[in-house]
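See below for the structure under consideration.
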Number of protein chains: 2
Amino acid sequence: MGLTKTEIFTDKQNKLAQMMKALAHPARIAIIQHLIKTQACVCGDLVEELGLAQATISQHLKELKNAGLIQGTIEGTSVCYCIDPKVWKQYKDAFDNFFVAYKNKDGCC
Amino acid sequence: MGLTKTEIFTDKQNKLAQMMKALAHPARIAIIQHLIKTQACVCGDLVEELGLAQATISQHLKELKNAGLIQGTIEGTSVCYCIDPKVWKQYKDAFDNFFVAYKNKDGCC
DNA sequence: CATATCTATCGCAATATTACGATTAAATTC
DNA sequence: GAATTTAATCGTAATATTGCGATAGATATG
């Protein structure tokens, strides 16, 4: 065990859960927010900005890249990361869609 | 290691990451969606609805309860769960706020 | 009160995540 | 081409998560 039983859920449920997971770490939230703030792309100064080791930042960047949220383009010896607007919108829409489904009919418990 | 370094992030970042984590599992997404659908509160028929063992469902319910997203009231021998509208709105607002921060200035990488 | 029903909790096994030092790989600079 | 800079990857340790059987606790029903 320790293995999520994805077979028993719908694709949408699995996908949404994975999207949440991609952002379910303060470092990844911080990275995204830094990318938003310094709108021009940012490279490895994330290591200085956050207080984590280079290997750790690189790992989080990899997860965000796997999630599709960010892109990295090589620029000389460093790598320039930025948010993928298209995927960002997909995330936003998926989250909006999830949260809008519940209307407070406050007649419960 | 294996321990998130929460000290180096802001409260908001930690909180948002934790909110994401609460929903970062398809079973918890499915539970919430089932609670929305059967708007009247639902009890342990979640065990039948999803294909997970009773102990596992109970654990996920506990996490959702810890996250504040759901409430449970004892009703005879079973427990009736429902979404907490107030916390739901907090989540919705926090997520909206996060996603709205990025405006596509498509002049990047 | 004995029995049945439903849920929470315990204990365990398997896997995943987080973090980092060390190393490797690629590109620039001298 | 050697040295430097930057980022990715490997390997490892510590902790967290997922899932479930078994058990315990609480409430109803006979």
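Chain A is the first sequence line, chain B the second, and so forth, proteins listed ahead of strands; every chain is numbered from 1. None of the values given here were measured: they were computed from a predicted structure.
To the nearest angstrom, C1' of dT18(D) lies 11 Å from CD1 of Ile8(A). For the pair Leu64(B) CG and dT18(D) P, the interatomic distance rounds to 11 Å; values are reported in whole Å. Rounding to whole angstrom units, CG of residue Asn66(A) and C1' of dT9(D) are separated by 13 Å. Regarding Leu46(B), its CG atom lies at a distance of 15 Å from the C1' atom of dA8(C), rounded to whole Å. Atom NZ of Lys62(A) and atom C1' of dT6(D) are 17 Å apart (whole Å). The distance between atom CD1 of Ile57(B) and atom P of dT9(C), rounded to the nearest whole Å, is 15 Å. Regarding Glu48(A), its CD atom lies at a distance of 9 Å from the P atom of dT6(D), rounded to whole Å. Straight-line distance from the CD atom of Glu7(A) to the C1' atom of dG19(D): 12 Å, rounded to whole Å.
With hydrogens and angles disregarded, no donor-acceptor distance shorter than 3.5 Å links the side chain of Asp84(A) to the backbone of Gln71(A). Under a 3.5 Å cut-off, the side chain of Arg28(B) and the backbone N or O of Lys21(B) do form a donor-acceptor pair. Using a distance-only test at 3.5 Å, with no hydrogens or angles considered, no donor-acceptor pair links the side chain of Glu63(A) to the main chain of His60(A).
Regarding contacts with the backbone of dA8(D), a side-chain N or O of Tyr81(A) is found under 4.0 angstrom from either OP1 or OP2. For dT6(D), the OP1/OP2 oxygens have no side-chain nitrogen or oxygen of Ser78(A) closer than 4.0 Å.
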How would nucleotides 18-30 of chain C be written as a contact map, 5' to 3', with B for base contact, S for sugar-phosphate-only contact and - for no contact, using protein heavy atoms under 4.0 Å?
BBBB-----SS--

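Atom CD of Gln18(B) has 12 or fewer neighbouring heavy atoms from other residues, nucleotides or ligands inside a 6.0 Å radius.
The aromatic rings of Tyr102(B) and Trp88(A) stand perpendicular to each other, their planes meeting at an angle above 60°, with 30° marking the opposite boundary.
Residues Phe95(B) and Leu16(B) are in side-chain contact: their nearest non-hydrogen atoms beyond the backbone lie under 4.5 Å apart.
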